[in-house]
Number of protein chains: 2
Amino acid sequence: MEKEIISIVYGNTEEGSRYLSTLRDREESVQQEVILRVEEILNNIKEQGNRALIEYTNKFDSENVNENNLCVNKEEIEEAYKIVDKEFLEAIKLAAENIRFFHEKQKKNSWMVTKEMGVILGQNIRPLENVGIYVPGGTASYPSSVLMNAIPAKVAGVTNVVMVTPPSKDGSINPNILVAADIAGVDKIYKVGGAQAVGALAFGTETIDKVDKIVGPGNIYVAMAKKSVYGYVDIDMIAGPSEILIIADEEANPEYIAADLMSQAEHDRLASSVLVTNSLKLAEEVKSELTRQVESLSRKDIILDSLQNYGVIIIVDSIKEAIDMSNKIAPEHLELCVKEPFLILGDIKNAGSIFLGDYAPEPLGDYIAGPNHVLPTSGTARFFSPLSVDDFVKKSSFIHYSKEALLGVGKKIVKLAETEGLTAHANSISVRMK
Amino acid sequence: MEKEIISIVYGNTEEGSRYLSTLRDREESVQQEVILRVEEILNNIKEQGNRALIEYTNKFDSENVNENNLCVNKEEIEEAYKIVDKEFLEAIKLAAENIRFFHEKQKKNSWMVTKEMGVILGQNIRPLENVGIYVPGGTASYPSSVLMNAIPAKVAGVTNVVMVTPPSKDGSINPNILVAADIAGVDKIYKVGGAQAVGALAFGTETIDKVDKIVGPGNIYVAMAKKSVYGYVDIDMIAGPSEILIIADEEANPEYIAADLMSQAEHDRLASSVLVTNSLKLAEEVKSELTRQVESLSRKDIILDSLQNYGVIIIVDSIKEAIDMSNKIAPEHLELCVKEPFLILGDIKNAGSIFLGDYAPEPLGDYIAGPNHVLPTSGTARFFSPLSVDDFVKKSSFIHYSKEALLGVGKKIVKLAETEGLTAHANSISVRMK
């Protein structure tokens, strides 16, 4: 018997709750071998700089890259503009404009409060100075991700946004990526990838300046390298397998829902697509639509794998129950395909990005609406947030007291310091109280 | 010859710049043994829950703790209020009030923008639901840290703030800690510590609910356990050795500066205290003051060790040069002991907390001013920030489009999706454009 395209289960059964743990267990285990290899690469970059960087790049990516052409030059970018599809160019420009518009709204001001007797307290908010963006090569090389990572950094005011991306065999970079980087305002692009590129950004080499933070997706080597340098520099979250959850009522459109489930499923065999609905009729219709639509899709094999292993339709008694389930799963993408989606927005506790109504499918958010598509995956929306301008700033607090104000609280500070056994702390106050 | 209490070096010399790398190399290396031990403890907690938790607690902390008295009860808290010093109680209440005042200013609103044709974009900001705070036992058990970790969480609106702290041999908790926790609004207190407490918070046990985020300082076992569960839950930063940097001009007060350098030095032998000044006269005076004042301090041995190994006075040509040096070091605490400190505040790029003028010594910020004392250490102020309300919220973006609005951008989305080879993404738009 052929495996069904997707399972339909009831939410209040063991089968239904078992699904939640399947979702959590999608992580691929990282082999010790990979970790050791990554550490070796990072050490070599730290110690030998460019020499090791070029060696790895020649070995893994292209023999045409050397110290002198490591950095993409102006001519290469001009050439890219000539090559790319004009409709693509227009589309990516609109996307950039919308992303910039949304992220501008996230900017925060430094602030200060003044109190009596010359007490001044505040918080300065400043952009990071140097940020590195990793962009994968090959088929996972997405111009949209270049925009989503670089634009928030530039909006935050980061002075130097540098991009690293592995070159093709001939030493060139995908022109779509070059154009996207240029439109996003990336300051420099280097033709390096893998753990060696992460090492170069974290430690610096003769050519590449060290950065304060590294963001962007990559394969397991890149992810492990980022994890390893964390603390030495900042990183964004390490993304796990991604997911969509759709809450739909009886009036939702099965054709749309099937299409949206598959747009998630095509990403990756570990991607998870979940529909939670109070309508068995809708569930059956979505299932038929999946079977029908998948035939015309180029990534059919991945979609089928993903739907069969990590896709599910869960039948619940009410939309309230669907919301509770969604809050437990904390999906990366959540579509609310119900009659009045805004009325339940306030009930959604955990979700990376929420898509309201029939005409806000996930790909709208992936590409053009403006909010970031770098989102917390695998249930981490319980505590992580979409990539934003906040990720490219740092805060400093500041304190000013007058002598009078300090004298007013001096004895209390001394008491607290002494209670904690920190007499030098107490002394720092006492010398000012004489 | 006896070792000098602190070295005076010139900034523009090799000796001066060598100091910067000494500062960076303060990290203690973590033994493989510790990592393996922590993993074993975490696994046992994950698999056996309370049974393992009680076993470890009986072994490491107290034999008087069992499943029934794991959670501190109301009577214990009432008893603590009776025992504690009344002046301490008043002081900690003022501190809590000031911390609450400052952190209230950090709260952010959810927001939304509406555009033409029913386009609605926004960002919901919501508190985390469950937060765990680690509070060390023994001499590193600081009531002030309880306030600094718990109050921002409660101000953010976290429903359940639970605290874990290792009990004394007799099964009791330091009453100062209990009172601070109660004043800060902590919802539950459990008598467990070490890696096992971190495991209980991350995975949950029969008694302790799993949380979304774990914050608070701890020994190397606690730090490694937090690092290990990161991603499964969120954590705050892993703090390294801490530091103060004081920028002072010729008019600064050497007695105050010496006292402040030592208030940092007493924390820990790896703590670093740095004075950068354009006045050799001040440098010499501070050195004499250090020698004089240290005699009366209870933690003299730690202070001497710390000052001799990681303390330094750096002589520079100008305050501008001092600022450049400070921006490179990115100190956790920065005191600006200059005539007009506000005039250089804008030049400070990297610092955790900035103390302005002669009457804002570091202990004022450690205890009572209001800004958080959990700060980025070891140069990480380049990219990390003080603990704040932002650390206890998560964001979700949301998108609504009307059919008309989607049709307006549909072709561009399809183009972008097809360029990236994601035909199911394109399909999700196409089915809506028929």
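First the proteins, then the strands, lettered A, B, ... as listed; each starts at 1. Every value quoted in this text rests on a predicted model; they were computed, and no experiment measured them.
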Is the shortest side-chain heavy-atom distance between [X] and [Y] below 4.5 Å?
X: B:W111; Y: A:Q106; answer: yes
X: B:R382; Y: A:E129; answer: no
X: B:D85; Y: A:T419; answer: no
X: B:Y401; Y: A:P361; answer: no

Can you tell me which portion of [X] sits under 4.5 Å from chain A's heavy atoms? Options are side chain, backbone, both or neither.
X: B:L407; value: neither
X: B:T380; value: side chain
X: B:K349; value: both
X: B:V431; value: both

Considering only NZ, NE, NH1 and NH2 on the basic side and carboxylate oxygens on the acidic side, decide whether B:D358 and A:R432 come within less than 4.0 Å. no
Looking at A:K394 and B:F384, what are the two nearest heavy atoms and their distance? CB-O, 4.0 Å
Heavy-atom closest pair, residues B:F383 and A:G231: CZ-O, 3.6 Å
Please check if the side chain of [X] supplies one atom and the backbone of [Y] the other of a donor-acceptor pair under 3.5 Å.
X: A:E420; Y: B:S144; answer: yes
X: B:S428; Y: A:D260; answer: no
X: A:T423; Y: B:S298; answer: yes
X: B:S396; Y: A:A351; answer: yes
X: A:S263; Y: B:H425; answer: no

If you draw the axis of the six-membered ring of A:Y367, does the NZ or CZ of B:K415 fall within 45° of it and under 6.0 Å from the ring centre? no
Describe, in one word, how the ring planes of A:H400 and B:F342 are oriented to each other, choosing from parallel (under 30°), tilted (30 to 60°) and perpendicular (over 60°).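 If you compare the ring of A:H400 with that of B:F342, the planes turn out tilted.
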Exercise: do A:Y359 and B:E404 side chains pair donor with acceptor under 3.5 Å: no
